[in-house]
Amino acid sequence: MKKLKHALQFYCSIIILSIFITCCCGYSSKIVGNGKMYIHQIDNGRSDTIRSEFEINLFLETRISGNFHNSGIISSSYATSCSETALSSLNRNSFKLSCDKDFNYKGQIIKAGTNFKEEENLRIEFDNFSGVIVIHFGPEFLNSAKFEKSIHKFRVEIETSDQEKFTNEASTYMDM
């Protein structure tokens, strides 16, 4: 009985120690490069020709570092997940979105090269930790926009909190 009690205490202490080791981990990310930008249609994932609702996805290059302790018995438990810290964040005020061709939005001509991020019905999401920006051109925006049937090049510019500047471009054929 004493051996069973000692064995049980030993395993309980290992589990408790595992919780503390796992809780003490943490990792950080820093945006370090331009990465890649993609344009794709929502309903079928096509990127060569856009005919309906679409997204522009910008995946900036990030560097992740941290002190991972994968030796914990319950290291995959959500209750003991590692803390995340973004060492550089996306400066939303510096964000610019432009197109290389004129297009019509609500009866107004948006000139080529003009920053049109402020147009209503354009949904933009920022993820500081992973360096991802998603620009969603939904039906509300597209019902008010008229693009010429041709290849359009979209350009995204953004600056980070540590004054790094990133510019990406992607092209697609607009058939709307």
Side-chain angles (χ1 to χ4, degrees), residues 25-66 68 76 78-79 81-148 151-176:
C25 70
Y27 55 101
S28 58
S29 78
K30 179 173 174 50
I31 300 168
V32 295
N34 258 354
K36 300 222 182 258
M37 188 164 104
Y38 303 96
I39 302 173
H40 67 95
Q41 194 167 299
I42 299 294
D43 59 357
N44 61 13
R46 287 186 71 153
S47 60
D48 58 344
T49 303
I50 302 295
R51 291 188 173 97
S52 64
E53 185 176 352
F54 69 100
E55 284 183 343
I56 296 176
N57 295 315
L58 173 58
F59 300 96
L60 294 169
E61 184 181 344
T62 57
R63 181 173 295 133
I64 297 177
S65 61
F68 299 101
S76 63
Y78 281 36
S81 60
C82 300
S83 64
E84 299 175 348
T85 305
L87 298 177
S88 61
S89 59
L90 300 167
N91 181 349
R92 294 175 187 220
N93 294 330
S94 71
F95 176 78
K96 293 179 185 168
L97 172 64
S98 61
C99 183
D100 71 333
K101 294 198 170 44
D102 295 352
F103 68 95
N104 190 315
Y105 184 72
K106 291 191 171 184
Q108 303 264 337
I109 299 293
I110 306 294
K111 292 284 189 191
T114 302
N115 183 9
F116 65 95
K117 73 170 185 174
E118 299 298 330
E119 300 302 335
E120 61 185 72
N121 300 321
L122 189 63
R123 192 175 77 224
I124 305 168
E125 300 170 20
F126 298 88
D127 183 343
N128 285 322
F129 189 78
S130 60
V132 174
I133 300 172
V134 178
I135 306 155
H136 185 78
F137 293 80
E140 300 85 15
F141 182 88
L142 296 175
N143 288 338
S144 301
K146 289 187 177 81
F147 291 92
E148 175 187 327
I151 295 176
H152 288 68
K153 184 186 290 185
F154 291 90
R155 179 184 183 110
V156 172
E157 299 174 37
I158 189 122
E159 194 174 299
T160 59
S161 58
D162 53 354
Q163 283 71 46
E164 294 288 332
K165 295 179 183 175
F166 301 105
T167 302
N168 281 278
E169 295 179 338
S171 300
T172 191
Y173 184 83
M174 302 292 283
D175 185 13
M176 298 184 170

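In this text the structure is predicted, and so the values were computed from the model without any measurement.
To the nearest 0.5 Å, the span separating CD on E125 from CD1 on I133 amounts to 11.0 Å. From I158, atom CD1 reaches atom CG of N34 across 12.0 Å, with rounding to the nearest 0.5 Å. The distance from atom CG of L60 to atom CE of M37, rounded to the nearest 0.5 Å, is 10.5 Å. For the atom pair N168 CG and F59 CZ, the distance stands at 11.5 Å (nearest 0.5 Å). Going from atom CD1 of I56 over to atom CD1 of I124 covers 9.5 Å, rounded to the nearest 0.5 Å. Once rounded to the nearest 0.5 Å, the distance linking CZ of F116 with OG of S98 reads 7.0 Å.
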List the atom pairs, donor and acceptor, that lie under 3.5 Å between side-chain atoms in residues 106-113 and the rest of the protein, sequence neighbours left out.
unit_1	atom_1	unit_2	atom_2	d
K106	NZ	E120	OE1	3.3
K106	NZ	E120	OE2	2.4

Give the C-alpha distance, both sets of side-chain angles, the deciding distance and a yes or no for side-chain contact (heavy atoms from CB on, under 4.5 Å) between I39 and S47.
CA-CA 6 Å; I39 302 173; S47 60; 5.6 Å; no

Pair I31-E164, side-chain contact (heavy atoms from CB on, under 4.5 Å): steps then yes or no
CA-CA 9 Å; I31 300 168; E164 294 288 332; over 6 Å; no

I'd like to know whether N121 forms a side-chain contact (heavy atoms from CB on, under 4.5 Å) with N143, so could you lay out the CA-CA distance, the side-chain angles of the two residues, the decisive distance to 0.1 Å, and finally the verdict.
CA-CA 10 Å; N121 300 321; N143 288 338; over 6 Å; no

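Residues N93 and K117 share a closest heavy-atom pair of O-NZ, 3.6 Å. Shortest non-hydrogen contact noted between T172 and I50 is OG1-CG1, 3.5 Å.
Applying the ring-ring contact (aromatic ring centres under 6.0 Å, His included) test to H152 and every residue at least two apart in sequence or in another chain returns F147. Looking at residues two or more places apart in sequence or on another chain, you find a ring-ring contact (aromatic ring centres under 6.0 Å, His included) between F95 and F126.
Considering only heavy atoms from C-beta on, R155 stays 4.5 Å or farther from D100 through its side chain. The shortest distance between side-chain heavy atoms of M174 and F54 falls below 4.5 Å. Side-chain atoms of S52 and Q41, non-hydrogen and from C-beta on, do get closer than 4.5 Å to each other. Looking only at side-chain heavy atoms (C-beta outward), V132 and N57 stay at 4.5 Å or farther from each other. The side-chain heavy atoms of F137 and L122, taken from C-beta on, include a pair separated by under 4.5 Å. Under the 4.5 Å side-chain criterion, counting only non-hydrogen atoms from C-beta, I42 is in contact with H136.
In K96, the NZ atom is not crowded: 12 or fewer heavy atoms of neighbouring residues, nucleotides or ligands sit closer than 6.0 Å. Surrounding NZ of K153 are at most 12 heavy atoms belonging to other residues, nucleotides or ligands under 6.0 Å away.
Side chain of N115 to main chain of L97: a donor-acceptor pair is present (N/O by atom type, distance under 3.5 Å, no hydrogens or angles). Not one N or O on the side chain of N91 forms a donor-acceptor pair closer than 3.5 Å with the backbone of S161.
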